[in-house]
Amino acid sequence: MTAPSAPRKLSILREGTSQYLAVDPDGFRAHIRDNKQRALKSRLMTAKEAVERFVSDGDYLTYECNYLMRGPNEVVHEIIRQGKKRLWAAGKFTYVDVALLVDAGCVSRADCGFFLSAPPIDRALKQGRLEVFEYSNVIMTLRLQAGAMGVPFLPVRSFGGTDGFDHSGAKLITDPYTGDPITIVPALNPDVAVIHAHQADVYGNARIFGTGVSDVESALASKKVIISAEEIVETAEIRRNPGATSIPYYAVDAVVHSPYGSYPGTCPGYYGSDPEGVFEVFRAIMSDQVQPYLDKWVRPFETFEQMLDERVGKPKLEAMRARETAREGYSA
């Protein structure tokens, strides 16, 4: 048995200089206690209703995964359609989403794990319409994990020696156990998380098949959670196989039935992406043509379903589904 070492002083050696969402674990716990619905009452609603009720101007927004892979694109379109303002986005493991939301006037701050630099982003930065704070994909995920755990920070074995450290909310401290320097990063409790799942029941029990990034952490770390789902299944089916439930109902505030809700991206196991649609959104971002893209794909339509019917069509959607066959691993 090792004897206790002499007490070491914890001291801050270096600090990043950027803003970060205020850490308040006790306040978050109180919010969850007072505001989350634990009764088995239906949370099923339209994307329009969910965004109206649970996404407010100035909110911190996280989403899973991204516009091209199991993204909650129906809800993202609705956020743009409703003209939400001053959102702070968790830009991790993402590509075109941040540029769409920034050029639509919805996002004015972004924590950057990784997202695609593009003319709309560069212009917004130069015009002072966007602030970006630097992290990394893994650091953003660990911040969400800390938020889900109810702790104010987590120590990490990376990021401390990077230029991004200076443009973040991270700190370099003396580890009180070893006396060595260690980086800590602030927990993250977003105002709202939007997560696309393969299946959910009306209460919000959600199933996600295959790989993901931080679906569970995002749901458990966030004050409000919107689940969009390809299928709405009976609660009896959820109960027959409770181990398949990824996100429990008591973390969820809204459930949106959203077939093909990740278009033009893929929902693995359900349908592949539309290469033409993927190329079009990339072209729009990289050629600074976001507004014409939104005028074609988002603004003319009252719902995502209407867009799929009029812009994409049933034959293409069925072809996307036919191409996606889960030969190994998870399947619904």
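Values reported hereafter were calculated over all heavy atoms of this structure, with side chains retained and with hydrogens, waters and symmetry mates removed. All figures in this text were calculated on a predicted structure; none of them were measured in a lab.
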Legend entry - Nearest-0.5 Å distance, CD1 of residue Ile173 to CD1 of residue Ile12: 8.0 Å

Inset, instruction - Please report the shortest heavy-atom distance between Tyr67 and Asp97, naming the atom on each side. - result: N-OD2, 2.8 Å

Legend entry - Greater than 12 external heavy atoms within 6.0 Å of Arg29's CZ: no

Legend entry - Shortest non-hydrogen contact from Ser218 toward Ile195: CB-CD1, 4.3 Å

Legend entry - Ring geometry between Phe282 and Tyr95 (parallel below 30°, tilted from 30 to 60°, perpendicular above 60°): perpendicular

Inset, instruction - Evaluate whether atom CZ of Arg157 has more than 12 neighbouring non-hydrogen atoms of other residues, nucleotides or ligands under 6.0 angstrom away. - result: no

Inset, instruction - Determine yes or no for a side-chain-to-main-chain donor-acceptor pair under 3.5 angstrom, with Ser273 supplying the side chain and Pro275 the backbone. - result: no

Legend entry - Electrostatic pair Lys224:Asp59 at N-O distance under 4.0 angstrom: yes

Legend entry - Rounded distance (nearest 0.5 Å) linking atom OG of Ser214 with atom CG of Asn137: 9.5 Å

Legend entry - Whether Arg311 side chain and Asp309 backbone form a donor-acceptor pair below 3.5 Å: no

Inset, instruction - Report, as yes or no, whether the 6.0 Å neighbourhood of atom CZ on Arg129 holds more than 12 heavy atoms from other residues, nucleotides or ligands. - result: yes

Legend entry - From Ile232 atom CD1 to Gln199 atom CD, the distance as rounded to the nearest 0.5 Å: 9.5 Å

Legend entry - Nearest atoms (heavy-atom pairs only) where Val256 meets Ala50: CG2-CB, 3.9 Å

Legend entry - Minimum heavy-atom distance Gln291-Asp103, with the two atoms named: NE2-O, 2.7 Å

Legend entry - Approximate separation, where rounding is to 0.5 Å, of Leu68 CG and Tyr263 OH: 11.5 Å

Inset, instruction - Please determine if Glu234 and Arg239 form a salt bridge, counting it only when a charged side-chain N lies under 4.0 Å from a carboxylate O. - result: no

Inset, instruction - Would you name the heavy atoms of Leu100 and Tyr293 that are closest together and state the gap between them? - result: CD2-CD2, 4.0 Å

Inset, instruction - Using a strict cut-off of less than 4.0 Å between a Lys/Arg side-chain nitrogen and an Asp/Glu carboxylate oxygen, indicate whether Arg240 and Glu237 qualify as a salt bridge. - result: yes

Legend entry - Close side-chain approach of Glu324 to Tyr270, heavy-atom, < 4.5 Å: no

Legend entry - Audit row: Leu61, Val192, side chain to side chain contact (heavy atoms under 4.5 Å, CB included) steps and yes/no: CA-CA 5 Å; Leu61 169 72; Val192 59; 3.8 Å; yes

Inset, instruction - Taking the side chain as every heavy atom from C-beta outward, state whether Asp274 and Lys316 have any atom pair closer than 4.5 Å. - result: yes

Inset, instruction - Can you establish whether the number of heavy atoms outside Tyr250 located under 6.0 Å from its atom OH is more than 12? - result: no

Inset, instruction - Kindly check if the number of other-residue, nucleotide or ligand heavy atoms within 6.0 Å of CG (Asp163) is above 12? - result: no

Inset, instruction - Could you verify whether a donor N or O on one side chain and an acceptor N or O on the other, from Glu74 and Ser258, lie under 3.5 Å apart? - result: yes

Inset, instruction - Could you give me the CA-CA distance, side-chain angles and deciding distance for Asn205 and Ile247, then say whether side chain to side chain contact (heavy atoms under 4.5 Å, CB included) is met? - result: CA-CA 6 Å; Asn205 293 296; Ile247 297 169; over 6 Å; no

Inset, instruction - Check whether the ring centres of Phe304 and Tyr260 lie less than 6.0 Å apart, and answer yes or no. - result: no

Legend entry - Spatial distance of atom OG (Ser262) from atom NE2 (His198) [nearest 0.5 Å]: 8.0 Å

Legend entry - Pair Phe133 and His167, ring centroids less than 6.0 Å apart: no

Legend entry - Salt bridge Arg207-Glu231, side-chain N to carboxylate O under 4.0 Å: no

Inset, instruction - For side-chain hydrogen bond (donor to acceptor under 3.5 Å, both in side chains), just list the numbers for Glu217 and Gln145, CA-CA rounded to whole Å, side-chain angles, deciding distance to a tenth of an Å, and then say yes or no. - result: CA-CA 5 Å; Glu217 292 85 352; Gln145 182 178 340; over 6 Å; no

Inset, instruction - For side chain to side chain contact (heavy atoms under 4.5 Å, CB included), just list the numbers for Ser108 and Leu87, CA-CA rounded to whole Å, side-chain angles, deciding distance to a tenth of an Å, and then say yes or no. - result: CA-CA 6 Å; Ser108 58; Leu87 300 178; over 6 Å; no

Inset, instruction - Would you indicate whether Glu305, at its atom CD, is surrounded by more than 12 heavy atoms from other residues, nucleotides or ligands within a distance under 6.0 Å? - result: no

Legend entry - Derivation and outcome, side chain to side chain contact (heavy atoms under 4.5 Å, CB included), residues Arg143 and Ile139: CA-CA 6 Å; Arg143 291 183 65 198; Ile139 295 298; 4.3 Å; yes

Inset, instruction - Please check if any side-chain donor atom of Trp88 sits under 3.5 Å from a side-chain acceptor atom of Glu131, or the reverse. - result: no

Inset, instruction - State whether the number of non-hydrogen atoms from other residues, nucleotides or ligands found under 6.0 Å of Tyr20 atom OH is greater than 12. - result: no

Inset, instruction - Find out whether the Lys NZ or Arg CZ of Arg323 is both under 6.0 angstrom from the six-membered ring centre of Tyr271 and within 45° of the ring's axis. - result: no

Legend entry - ILVMFWY network linking Met45 to Val202, side-chain heavy atoms under 4.5 angstrom: no

Inset, instruction - Starting from the C-alpha separation in whole Å, work towards a yes-or-no answer on side-chain hydrogen bond (donor to acceptor under 3.5 Å, both in side chains) for Arg109 and Gln19. - result: CA-CA 10 Å; Arg109 289 183 287 185; Gln19 299 178 51; 3.1 Å; yes

Legend entry - Cationic N near anionic O, under 4.0 Å, Lys48 to Glu52: yes

Inset, instruction - Verify whether one side chain among Asn66 and Thr94 offers a donor that lies under 3.5 Å from an acceptor in the other. - result: no

Legend entry - Side-chain ion pair, Glu64 and Lys92, N-O less than 4.0 Å: yes

Legend entry - Glu276, CD atom: more than 12 neighbouring heavy atoms under 6.0 Å: no

Legend entry - Between NE2 on residue His257 and CD on residue Glu230, distance to nearest 0.5 Å: 7.5 Å

Inset, instruction - Grab the two heavy atoms, one from Glu78 and one from Arg81, that are nearest each other, plus how far apart they are. - result: OE1-NH1, 2.6 Å

Legend entry - Derivation and outcome, side-chain hydrogen bond (donor to acceptor under 3.5 Å, both in side chains), residues Asp253 and Gln37: CA-CA 7 Å; Asp253 298 279; Gln37 172 64 259; over 6 Å; no

Legend entry - Salt bridge flag under 4.0 Å for residues Asp166 and Arg14: yes

Inset, instruction - Could you go through the side-chain hydrogen bond (donor to acceptor under 3.5 Å, both in side chains) check for Tyr60 and Ser222 one step at a time? - result: CA-CA 9 Å; Tyr60 191 107; Ser222 298; over 6 Å; no

